[in-house]
Each structure stands twice: as structure tokens, then as C-alpha cells.
Undergrad: 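Here's a structure for you.
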Amino acid sequence: MEEKQEVKLIALDMDGTLLTSDHKVTPYTQEVIAKALEKGVQVVLSTGRWLNSCYPYAEMLGLQSYLVTANGGEVWTVQKELVDQHLMDPTKMEKLWNLGIETGVGMWMISTDGVYRETPPEDFYAHDWLKFGCESFDKEKLDVMVKELSYYDDLELTNSLPTNVEANPKGVSKASALKLVCEKLGITMNDVMAVGDSLNDMKMIQESGIGVAMGNAQDAIKQAADFVTDTNNSDGVAKAIARFAL
């Protein structure tokens, strides 16, 4: 039996992973994260959300190091200093928006100054763009979007739920952002335990020392992971941290 590797950094997806269905962190999960931090383990939120919608959680949990936001489109310190950023071309964002309108899907776009849902900005060129997302419960419409988006070879396509598709610039992922975080901290991806539930978590789960899928994760994620924990509504994150990092 090989020696159990020491976890030095825990990377947590938020929606469907750290957060319950009603967007809360349970008291037990908070307690276990606090124990990991006390032990000197770094805990990093690694999310599709933009900075302002994940920062309150980082504050509440007392996190110390970095935040990976917009699927790796940005890396921030917890002091809100920008460490890394990958922007999307505004011309492309406008094209993707029009494509979504034509296809009849719901959309959201993340810029550095906020999230646009269903209503586009007056001027696409007046913003710095990080991520495009679209959703539909109609699988045919979603398939059309995937097909059209895959014609762009400079996009990185993932999802954060089976009913959506997300696009970042090529090469941008939670894994590439975490590699940068590891460099800054003087550790390697082998020292990382990553936990997630969707395709935007795939690369970080594959490339971390310990990849953990949530009990509610998409099947592809469960197959790629080293371990499947409980669901997001049953303290899956806390149970994985207790098992591998405490």
C-alpha cells in the first residue's frame, strides 16, 4: 500500500459541491474546513462564478490564499488583488449572444464588472469579458449550441450543469488556474485535492493528486475521479476533507 499523500491544498467547486441546493454551507462543512485551515492546509474556491458572487463565502469561511473564478478566467488573492486574467474577444461575445438568441436558449455572460443575464449590454466593446454561458432544458437546442460553439477552435467548452454549456478562452480551466496557484504557494498539483460535480471540474479532478467527485456529480466526473463522496446536500465536501486531509 503506498503511503497516503499529504494534502496541502483543497480546491472546491461551489455550486453543486460546497454549497447545498439552497446555496448554503452547512455548519458541519464549515467546521471541517476550519479544521483543515487550522492544520495549515490551504482551501481555495475554484468556481465558475465571478469574484463578487463567491467572495462572501470566502470571507465567511475565513479563507487565506487565492480564489479561482470564472472557470479559471481570473485568479485573485483573498485581499482582492488580481493575479491572472484571460479575456474573451468582445466581437466573439456578441456573435455568441446572437447565436443564443437565434437558438432560443437562456444566456448569461460574465464580464469583469458584473453578470449579464438575458439582457445584453448596450455596447459589448465597453466591457472586459470572461465567460459565456447558455442553458436550456431542451436537449436539441443545447446540442445546437455545442455544435456551433465547437466550430471556434479558440474556445474552451465545459458545463456547470447537464443543462448548460460554458465557454472560456482556449486553455483556460480551473486546472490551469490551480497550477498557477500551486506555483505561487511552492507546491505541486500532486499536493492538491480537488472536489467538483460538473465538466468544468473535469481537468482539476484529473490533474490533482486526489480527484473527488460529488455523489450528485455528472457520470463522466465520477468516472474520472479517484473517489466519489456524498452529495452536496449531505456534507460530501466535509466527508472528503475528513477522509483525505485531516
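Just so you know, these numbers come straight off a predicted model, no measurement behind them.
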Undergrad: Answer whether the closest heavy-atom distance between the side chains of Trp76 and Glu81 falls below 4.5 Å.
TA: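 In short, these two side chains do not touch, never coming nearer than 4.5 Å.
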Undergrad: Can you measure from CD (Glu6) to NZ (Lys39) and round to the nearest 0.5 angstrom?
TA: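 NZ of Lys39 is found 6.5 Å from CD of Glu6.
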Undergrad: With heavy-atom distances below 4.5 Å as the criterion, would you say the side chains of Ile33 and Tyr28 are in contact?
TA: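 No, side chains not in contact.
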Undergrad: Which heavy atom of Ala36 sits nearest to which heavy atom of Val43, and what is that distance?
TA: CB-CG2, 4.5 Å
Undergrad: Indicate the atoms forming the closest heavy-atom contact of Thr229 with Gly236, along with that distance.
TA: OG1-O, 2.8 Å
Undergrad: Are Leu9 and Leu185 close enough that some pair of their side-chain heavy atoms sits under 4.5 Å apart?
TA: yes
Undergrad: Report yes or no: do Gln42 and Ser65 form a side-chain donor-acceptor pair below 3.5 Å?
TA: yes
Undergrad: Any sub-3.5 Å donor-acceptor pair from Ser234's side-chain atoms to Thr231's backbone N or O?
TA: no
Undergrad: Quick check on the hydrophobic clustering: are Val105 and Leu157 connected, directly or via other members, by side-chain heavy-atom contacts under 4.5 Å?
TA: yes
Undergrad: Could you tell me the separation between the NZ atom of Lys222 and the CG atom of Asp197, rounded to the nearest 0.5 Å?
TA: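 Rounded to the nearest 0.5 Å, the NZ-CG separation comes out at 10.0 Å.
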Undergrad: Within the side chain of Asp191, is there an N or O that forms a donor-acceptor pair under 3.5 Å with the backbone of Ile187?
TA: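 No; judged by distance alone, with no hydrogens or angles, the pair does not exist.
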Undergrad: Group every Ile, Leu, Val, Met, Phe, Trp and Tyr by side-chain heavy-atom contacts under 4.5 Å, then state whether Leu149 and Ile101 land in the same group.
TA: yes
Undergrad: Examine Leu67 and Leu61 and state if one hydrophobic cluster contains both, with Ile, Leu, Val, Met, Phe, Trp and Tyr joined whenever side-chain heavy atoms are less than 4.5 Å apart.
TA: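 Same cluster.
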Undergrad: Without swapping roles, check the side chain of Asn200 against the backbone of Ser173 for a donor-acceptor pair under 3.5 Å.
TA: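 Not confirmed, Asn200 side chain does not pair with Ser173 backbone.
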Undergrad: For residues Asp113 and His127, is any side-chain donor paired with an opposing acceptor at under 3.5 Å?
TA: yes
Undergrad: Rounded at 0.5 Å granularity, tell me how far CE in Met14 sits from CG in Leu19.
TA: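 Atom-to-atom, Met14:CE and Leu19:CG are 4.5 Å apart.
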Undergrad: Between Tyr57 and His23, does a side chain to side chain contact (heavy atoms under 4.5 Å, CB included) hold up when you go through it step by step?
TA: CA-CA 10 Å; Tyr57 292 94; His23 305 301; 3.7 Å; yes
Undergrad: Would you please test Ser111 and Asp128 for side chain to side chain donor-acceptor pair (under 3.5 Å) and show each step?
TA: CA-CA 5 Å; Ser111 76; Asp128 289 330; over 6 Å; no
Undergrad: Side-chain contact test, heavy atoms from C-beta onward, threshold under 4.5 Å: evaluate it for Thr112 versus Gln85 and give yes or no.
TA: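 Touching, per the 4.5 Å side-chain cut-off.
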Undergrad: What's the separation between atom CZ in Phe132 and atom NZ in Lys95, rounded to the nearest 0.5 Å?
TA: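 Going from the CZ atom of Phe132 to the NZ atom of Lys95 covers 13.5 Å.
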Undergrad: Looking only at atom types and distance, does a side-chain atom of Ser176 sit under 3.5 Å from a main-chain N or O of Val172, one as donor and one as acceptor?
TA: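 No: the side chain of Ser176 does not pair with the backbone of Val172.
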Undergrad: Would you name the heavy atoms of Leu199 and Ala220 that are closest together and state the gap between them?
TA: CD2-CB, 4.2 Å
Undergrad: Could you verify whether a donor N or O on one side chain and an acceptor N or O on the other, from Asn159 and Gln218, lie under 3.5 Å apart?
TA: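 Side-chain D/A pair, Asn159 to Gln218: present.
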Undergrad: Using modelled atom types and a 3.5 Å cut-off, is there a donor and acceptor pairing between side-chain atoms of Glu156 and backbone atoms of Gly171?
TA: yes
Undergrad: Could you label the plane-to-plane angle of the Trp129 and Phe124 rings as parallel, tilted or perpendicular, counting under 30° as parallel and over 60° as perpendicular?
TA: tilted
Undergrad: Let's go through Ser198 and Thr158 carefully: what are the C-alpha distance in whole Å and the side-chain angles of both, what is the deciding distance for side chain to side chain contact (heavy atoms under 4.5 Å, CB included) to 0.1 Å, and is it a yes or a no?
TA: CA-CA 8 Å; Ser198 297; Thr158 59; over 6 Å; no
Undergrad: Are Thr20 and Asp22 close enough, and set up right, to give a side chain to side chain donor-acceptor pair (under 3.5 Å), and what steps lead you there?
TA: CA-CA 5 Å; Thr20 59; Asp22 52 3; 2.5 Å; yes
Undergrad: Which distance, rounded to the nearest 0.5 Å, do you find between the NZ of Lys174 and the NZ of Lys203?
TA: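 Spacing of NZ (Lys174) from NZ (Lys203) equals 13.0 Å.
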Undergrad: Is there a continuous path of hydrophobic side-chain contacts, each under 4.5 Å between heavy atoms, that joins Trp97 to Met145?
TA: yes
Undergrad: Can you confirm whether Glu118 is buried at CD, in the sense that more than 12 heavy atoms of other residues, nucleotides or ligands lie under 6.0 Å from that atom?
TA: yes
Undergrad: What do the steps show when you test Leu130 against Asn168 for side chain to side chain contact (heavy atoms under 4.5 Å, CB included), and what is the final call?
TA: CA-CA 7 Å; Leu130 290 164; Asn168 282 79; 5.6 Å; no
Undergrad: Is Lys239 salt-bridged to Asp230, cutoff N-O under 4.0 Å?
TA: yes
Undergrad: Would you say Glu166 and Lys131 make side-chain contact, with heavy atoms under 4.5 Å?
TA: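 The answer is yes, as the side chains (C-beta and beyond) meet within the 4.5 Å cut-off.
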Undergrad: For the pair Thr69 and Tyr55, evaluate side chain to side chain donor-acceptor pair (under 3.5 Å) and give the outcome as yes or no after the intermediate values.
TA: CA-CA 10 Å; Thr69 64; Tyr55 195 80; over 6 Å; no
Undergrad: Quick one, Lys139 with Asp143, criterion salt bridge (Lys or Arg N to Asp or Glu O under 4.0 Å). Give me CA distance, side-chain angles, the key distance, then yes/no.
TA: CA-CA 6 Å; Lys139 195 177 173 309; Asp143 288 346; 2.9 Å; yes
Undergrad: According to a hydrophobic-cluster definition based on side-chain heavy atoms being under 4.5 Å apart (Ile, Leu, Val, Met, Phe, Trp, Tyr only), do Val144 and Leu99 belong together?
TA: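 No, separate clusters.
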Undergrad: Can you check whether Ile205 reaches Val212 side chain to side chain, under 4.5 Å on heavy atoms?
TA: no
Undergrad: Please examine the side chains of Val192 and Ile210, heavy atoms only from C-beta on, and report whether any two atoms are closer than 4.5 Å.
TA: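 Side chain of Ile210 against side chain of Val192, heavy atoms only: no contact under 4.5 Å found.
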Undergrad: Go through it in stages, so that I can follow the logic: the residues are Val78 and Tyr66, the test is side chain to side chain contact (heavy atoms under 4.5 Å, CB included), and I'd like the CA-CA distance, side-chain angles, deciding distance and then a yes or no.
TA: CA-CA 6 Å; Val78 289; Tyr66 296 90; over 6 Å; no
Undergrad: Do you know the tightest heavy-atom contact between Gly196 and Asp13?
TA: CA-CB, 3.9 Å
Undergrad: Please report the shortest heavy-atom distance between Val41 and Val7, naming the atom on each side.
TA: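 Scanning both residues, the minimum pair turns out to be CG2-O, 3.7 Å.
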Undergrad: Which atoms form the tightest heavy-atom contact between Pro121 and Met109, and what is the distance?
TA: CD-CE, 3.7 Å
Undergrad: If you apply the rule side chain to side chain donor-acceptor pair (under 3.5 Å), what do you find for Ser21 with Asn233, and how did you get there?
TA: CA-CA 7 Å; Ser21 298; Asn233 290 325; 2.8 Å; yes
Undergrad: Under 4.5 Å between any side-chain heavy atoms of Leu96 and Met88, yes or no?
TA: yes
Undergrad: How many angstroms lie between atom CG of Leu18 and atom CD1 of Ile241, to the nearest 0.5 angstrom?
TA: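 So the CG of Leu18 and the CD1 of Ile241 are separated by 8.0 Å.
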